[in-house]
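Since we're looking at a predicted model, the values are computed, not measured. Just the heavy atoms: all of them, side chains too, but no hydrogens, waters or symmetry mates, feed the values below. One-based numbering along the sequence shown.
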Amino acid sequence: MAKPDSDGLPALSEAQLEIMHIAWDSPEVTVTDVWSVLSKRRSVARNTVLTLMDRLEKKGWLTRRADGQTHYYAAAVPRKSTLGTVVHRLVDAAFAGSAEALVLALLEGRGVSDDEAKRIRKLIDEARTRGKKS
C-alpha cells in the first residue's frame, strides 16, 4: 500500500495524478470530461476512468455531487500542496533526499530554456531571502 501524503490521504498513482490535473484545471468535471481529455492522449476505457475517479472520491482526493444522472467531481485538495508532497517523495525516493541531484538530473536530461533559467534563479533568490529571515 502506498504511503499517505502529508495531509493523510493515500499517495497518488501516475494515472490518478493525471486525473487530478484535469480536475484542478476546472471547477467541476464529469467522467466523460476526463475520459475525453485522456482518450486524446492514449487509449483508455471510460469505465477505467469511472473506476479511478470513484476511488479518488472514496479516498478523499475528489468530491462528488449528483445532479440527476450526472455526477460532478471537484478536486478536494489543492494542486500546490499535492505537488509539493509528490516532489518531496520523489526527491527522497529517487534522489536520496538531494534536491541538487534532482536539479542536475533535470538539467542533464531535459534542459531548461533561458526564460526558465531566469525564473528558476528568481525562485532560488526568493527562497534564500525567506531562509535568511527565519
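Counting all heavy atoms, side chain and backbone alike, Ala99 lies closest to Val91 at N-CG1, 3.9 Å. Here the shortest heavy-atom pairing between Val77 and Gly60 reads CG2-O, 4.1 Å. Residues Tyr72 and Asp67 approach most closely at CE1-CB, 3.7 Å, considering heavy atoms. Trp24 approaches Ala75 most closely through the heavy-atom pair CD1-CB, 3.3 Å.
Here the straight-line distance linking atom CG of Leu62 with atom CE of Met20 works out to 5.0 Å at 0.5 Å rounding. In this structure, the separation between CG on Asp114 and NZ on Lys118 is 6.5 Å, given to the nearest 0.5 Å.
Looking only at atom types and distance, the side chain of Asp33 has a donor-acceptor partner in the side chain of Thr30 under 3.5 Å away.
Between Glu18 and Arg42 there is a salt bridge, since a side-chain N of the basic residue sits under 4.0 Å from a carboxylate O of the acidic one.
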I'd like to know whether Lys59 forms a side-chain contact (heavy atoms from CB on, under 4.5 Å) with Leu9, so could you lay out the CA-CA distance, the side-chain angles of the two residues, the decisive distance to 0.1 Å, and finally the verdict. CA-CA 7 Å; Lys59 292 178 180 182; Leu9 297 175; 5.7 Å; no
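In this structure, Ser26 contributes its side chain and Val29 its backbone to no donor-acceptor pair below 3.5 Å. Without hydrogens or angle criteria, Trp61 side chain to Gln16 main chain gives no donor-acceptor distance under 3.5 Å.
Ring pair His71/Tyr73 is tilted by interplanar angle, where 30° to 60° counts as tilted.
With sequence neighbours excluded, the residues forming a side chain to side chain contact (heavy atoms under 4.5 Å, CB included) with Arg119 are Asp115, Glu116, listed by chain and number.
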